[in-house]
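Taking it in order: structure first as structure tokens, then the write-up.
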Amino acid sequence: MQQLAQRVVEHRMFEYFIIGIILLSAVLIGLETSEEMLADYGHWITWGNRLVLGIFIIEAALKIYAVAPRLKLYFGSGWNLFDFTIIVLALLPSTGELAMLARLARLLRVLRLITAIPELRLIVATLMRSIPSMGNIMLLMGVIFYIYAVAGQQLFHEHDPVHWRNLGISLLTLFRIVTLEDWTDVMYTAMEMNVYSWIYFVSFVVLGTFVIINLFIAVVINNLEEAKQERLASLRQPPSRDGLIKELEQTQAALQKLQKQLQDTRSD
């Protein structure tokens with residue numbers, strides 16, 4: 001039975017089935033935002049949510065049973081812990097003080113798409129390992145923002161106090177510029193005071209938008225490549241001692257069964 005459970009949870013069709021259930025859960029959560037749908041089909045939506053939760057509980061139970069008694073193989077995985085936590089939170093009562101928390105827990109079920117699809121897990125792992133390098137880039141970006149904010153406040157606060165009256169507003173204006181959201185309007189207002197003000201804005205856009213954002217992209221791509229290499233290396237790892245023992249036991253059982261069949265054939 002344990003081997004059957006292991007084959008089921010590792011089967012490709014089981015993975016597709018769970019992905020389909022997650023998508024169904026997302027649809028049900030979206031329907032709950034419509035008062036008309038709740039009024040007409042609230043009963044069916046409630047039972048649909050219960051069905052989804054029940055399937056998730058069965059999935060977790062099968063995965064735990066497949067590795068029992070070595071539960072560390074299940075709970076040692078961060079992705080499995082994430083799935084298990086979502087299930088526990090979803091079991092909270094949806095009435096009283098915990099009603100809001102229960103609704104948010106149902107919303108978290110959509111995030112299970114990340115754990116169900118290996119490619120999404122790889123992307124999330126890449127983003128997580130990119131955080132330290134991104135911190136250095138954010139520090140560089142902060143220095144550039146601070147220098148340009150102080151310079152902008154000193155240069156343009158009298159002519160355009162709406163955008164440059166103090167350091168905080170200047171930083172907010174620079175954030176608007178770096179997102180390229182109507183930044184030319186701010187530049188043209190400054191150019192009414194001095195025609196060469198465009199140098200300030202163009203240089204900041206080049207540094208803040210093109211250079212810094214490309215640095216972010218480069219860090220993510222580099223870490224994505226490293227994550228892919230580590231994943232390939234893990235797939236090439238030799239089988240563990242427990243795995244070899246399990247394969248030997250299966251082989252011995254198959255040989256004994258074959259030997260018994262041969263003896264039966266000779267006796268006939």
Open item on the list: Around atom CE of M193, are there more than 12 heavy atoms from other residues, nucleotides or ligands closer than 6.0 Å?
Closed with: yes
Got a list of side-chain donor-acceptor pairs under 3.5 Å for residues 61-68, not counting sequence neighbours?
residue : atom : partner : partner atom : Å
K63     : NZ   : E59     : OE2          : 3.1

- [ ] Quick one: sort the F145 and F204 rings into parallel, tilted or perpendicular, breaks at 30° and 60°.
- [x] perpendicular
TODO: Measure the acute angle between the ring planes of F84 and F75, then classify it against the limits of 30° and 60° as parallel, tilted or perpendicular.
DONE: perpendicular
TODO: Provide the closest heavy-atom pair for P161 versus E158 in the form atom of the first, atom of the second, distance.
DONE: CD-O, 3.8 Å
TODO: Following the transitive rule for hydrophobic clusters with a side-chain heavy-atom cut-off under 4.5 Å over Ile, Leu, Val, Met, Phe, Trp and Tyr, establish whether F201 and I199 coincide in one cluster.
DONE: yes
Task: hydrophobic_cluster_shared for W198 and F210, side chain cutoff 4.5 Å - done: yes
TODO: Examine Y148 and L139 and state if one hydrophobic cluster contains both, with Ile, Leu, Val, Met, Phe, Trp and Tyr joined whenever side-chain heavy atoms are less than 4.5 Å apart.
DONE: no
Task: Spacing of W183 atom CH2 and L180 atom CG [to the nearest 0.5 Å] - done: 7.5 Å
Open item on the list: Does F82 have more than 12 heavy atoms from other residues, nucleotides or ligands lying within 6.0 Å of its CZ?
Closed with: yes
Task: Cluster overlap L31 with Y41, hydrophobic side-chain contacts below 4.5 Å - done: yes
Open item on the list: Is there a path of hydrophobic side-chain contacts, each under 4.5 Å between heavy atoms, that joins L172 and Y146?
Closed with: no
Open item on the list: Ring-plane angle category for H43 and W47, please: parallel below 30°, perpendicular beyond 60°, tilted otherwise.
Closed with: perpendicular
- [ ] Return yes when atom NE2 of H11 has more than 12 non-hydrogen atoms of other residues, nucleotides or ligands closer than 6.0 Å, and no otherwise.
- [x] no
- [ ] Report the distance from atom CE of M138 to atom CG of L140, rounding to the nearest 0.5 Å.
- [x] 10.5 Å
TODO: First locate atom CG of L174, then atom CZ of R176, and finally report the distance between them rounded to the nearest 0.5 Å.
DONE: 11.5 Å
Task: Side chain N49, main chain I45, donor-acceptor under 3.5 Å - done: yes
TODO: Please lay out, stage by stage, how V186 and W164 fare under the test side chain to side chain contact (heavy atoms under 4.5 Å, CB included).
DONE: CA-CA 10 Å; V186 182; W164 307 99; 3.9 Å; yes
Open item on the list: Is it the case that over 12 heavy atoms from other parts of the model lie below 6.0 angstrom from the CZ atom of F14?
Closed with: yes
Task: Euclidean distance, I87 CD1 relative to I55 CD1, rounded to 0.5 Å - done: 11.5 Å
Task: Min side-chain heavy-atom separation D83-F56 under 4.5 Å - done: no
Task: Exercise: identify the closest heavy-atom pair between S170 and A149 - done: CB-O, 3.7 Å
Open item on the list: Counting C-beta onward and ignoring hydrogens, is there a side-chain heavy-atom pair between V150 and L167 closer than 4.5 Å?
Closed with: yes
Open item on the list: Determine whether a donor-acceptor pair (N or O, by modelled atom type, separation under 3.5 Å) exists between the side chain of T173 and the backbone of I169.
Closed with: yes
Task: Main-chain N/O of F175 paired to T179 side chain as donor or acceptor, under 3.5 Å - done: yes
Task: Spacing of OG1 belonging to T33 relative to CG belonging to L38, to within rounding of 0.5 Å - done: 8.0 Å
Open item on the list: Less than 4.5 Å apart, side chain to side chain, heavy atoms only: is that true for L215 and M141?
Closed with: no
Task: Spatial distance of atom CZ (F156) from atom CE (M187) [nearest 0.5 Å] - done: 10.5 Å
- [ ] Compare all side-chain heavy atoms of I147 with those of V143 and state whether any distance is below 4.5 angstrom.
- [x] yes
